[in-house]
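In each ligand, atom 1 is the first atom listed, and ligand 1 is the first ligand listed. Start at 1 with the first residue, then count along the sequence.
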Amino acid sequence: MAKIETPRPIRGTQDMLGEVADRFVRVVETFERVRRLYGFRRVEVPVIEPTAVFARSLGETTDVVSKEMYSFDDRGGESVTLRPEFTAGICRAFLTEGWQQHAPLKLATHGPLFRYERPQKGRYRQFHQIDAEIIGAAEPAADVELLVFADQLLRDLGISEGVTLHLNTLGDGGTRAAWRSALIEYFSDHKADLSEDSRDRLEKNPLRILDSKDPRDRPIADAAPDIDTYITDEARDFFGSVTEGLSAAGVAWTRDSRLVRGLDYYRHTAFEFVTDRLGAQGTVLGGGRYDGLMESLGGPATPAVGWAAGIERLAMLLDAPPPPRVHVALVPMGDAAALAATGIVAQLRRAGISADLGFKGNMKKRMQKANDLGARFAIILGDDELAKGVASVKDLASGAQQEVALDALVAAVRA
Ligand code: ATP
Ligand code: MG
C-alpha cells in the first residue's frame, strides 16, 4: 500500500500546546476580566462576511484590502471573505441587527482573523485579536476610556514596561482633506526619490507614505508637512480633551505626528502602543476613532472609536507562566483501588478541588508524577486500606503522612 502523506498545516497558521497555549489563554482571560471592569459587553460576530463589508469600509487601497484578504466565491457564487479585522463586521452587525437602539454600546470580542501576509515571527496568516469598541459616542471621553482600558490591560498583563502610547490626531473631515492635498503636493515634488510603493500611494493614499518603513521614504516622510498647520479649531480642541483626560487618568503618552494607521476609516484620534521588545513587529495594540465607517457601510452617521491588539504579540511579551498545577494527585495501587480512585477524584473535582489520577506505572513512578504535577497532596489508595475504609494522605511539602477516612478526604485536602 502506498504510504499516506500527512497533510501539512497551512502556512502561517499555528498549533499551540503547553506554555504557548497557556500564554495565549492568559491574555484572553486578563482581557475578559478587565473588559468587565470597564463595563464592556461581550459581542460575537461571524468569521465570514460578504467581501463588501471589508472592501468598502477599510478602503480599497489599503494593504489589507488590496493584497491580504482571504476572499473566495462560495458555492452560491457570492464573494465572501474571512474577516481580516473585527471593526467592520461589528459595524455591519450594528446596522443589520438594529443595535442602534442600544447605543452608545461598549463592546468587546476576541477570536481568529485572517490575512494573507508573509509569515514571520509575530506575523501569521491566521492570528488572533482582542478588540474593544465604543459605538455611538462622539465625546473625547470615549477615546479616553478606551485608552485607559488598554493601558490597564497592558499593566495587568505585566508588560507595560518598555511600552509607549503613541498618539496622533488625524483631524476631522475638513482637516484631513486639506492635509491630504498638502501631502500630495509635497510628495509629488519628491516623487523621484520615493519607493515604488509610495509612488503608487501618492494620489490614492498619501497619508500612508508617512508611516512607510522603506528607508528611501523615511527622510522625505519625516520632513512632510504636519497636520498641525491644517487642523481645524474643533479638531484641535477634541485632541486637547483626549490628552487632558489621559493626564487625569495618569496614562502617559507621546505625540507621534507620523502615526496614520493602515486603514482609511480613522478620524481624530489614532494611537498605537509600541514596545521596544519585538523589533519590527513592535506594535502590540492599535486603534482610533472611525466616525465615517458606518456611512461607508450604508448606515447613518455614527461616531465610534475602538482598538485591537494581537494576542500572539502580547503573549510573546509575557513572563513564562507558572506550569499548570494540580492540588491533589491520586495514587491508586491495585484494581479495586483504581475504581475507588475514580469515585474520589470525581468527588474532589465536584468540590472545586483540582485533582488528577496517575494512570500508569508502579508506586514510585506515580509518586514522581504527583510531584511533577506540582501537587500539594497525594492520596495513596491500596486495596488493603480500601478494605478498612481509609486512604493515606501525604503532604508533599512536609512529607507528613496520615490515614484519613474515605468520607473525610475532601475536608482533609481542602486546606
Ligand atoms: P502591522 O503594521 O504589524 O502589519 P497592522 O497595522 O496591520 O500591523 P492592525 O490592523 O492595526 O495591524 O491590527 C492590530 C494588531 O493586530 C497589531 O498591532 C498586531 O499586534 C496584530 N496583528 C496584525 N496583523 C498581524 C499578523 N499578521 N499576525 C499577528 N498579529 C497581527
Ligand atoms: Mg499589517
Can you check which of Tyr116, Phe127, Phe273 brings a heavy atom nearest to atom 25 (C) of ligand 1? Phe127
Which of the atoms of ligand 1 are close to Gln129, meaning less than 4.0 Å from one of its heavy atoms? 13 (O), 14 (C), 15 (C), 16 (O)
Run the ring-centre check on His327 versus Phe377 and record whether the distance is less than 6.0 Å. yes
Checking heavy atoms under 4.0 Å, the part of Asp63 that sits near ligand 1 is neither
Enumerate the atoms of ligand 1 whose separation from the nearest heavy atom of Glu117 is less than 4.0 angstrom. 24 (N), 25 (C), 26 (C), 27 (N)
Are any of the N/O atoms on Gly310, whether in the backbone or the side chain, positioned under 3.5 angstrom from an N/O atom of ligand 1? yes
Is it true that Glu133 and Thr87 share a donor-acceptor pair across their side chains at a distance under 3.5 Å? yes
Going from CZ on Arg201 to CZ on Phe187, what distance comes out if it is rounded to the nearest 0.5 angstrom? 11.0 Å
Taking atom types as modelled and ignoring hydrogens, do the side chains of His128 and Glu312 form a donor-acceptor contact shorter than 3.5 angstrom? yes
Measure Tyr124 to ligand 1 on non-hydrogen atoms and call it side chain, backbone, both or neither using the 4.0 Å cut-off. both
Is the closest side-chain heavy-atom distance between Val274 and Asp256 below 4.5 Å? no
So, 4.0 Å and heavy atoms of Arg313: is ligand 1 close enough to count as a contact? yes
Under 6.0 Å from the ring centre and within 45 degrees of the ring axis: does the NZ or CZ of Arg125 meet both conditions for the six-membered ring of Tyr70? no
Is Arg123 touching ligand 1 with its side chain, its backbone, both, or neither, if touching means heavy atoms under 4.0 Å apart? both
Element-labelled atoms of ligand 1 that are located less than 4.0 Å from some non-hydrogen atom of Thr283: 17 (C), 18 (O), 19 (C), 20 (O)
Centroid-centroid distance, Trp307 to Phe149, less than 6.0 Å: yes
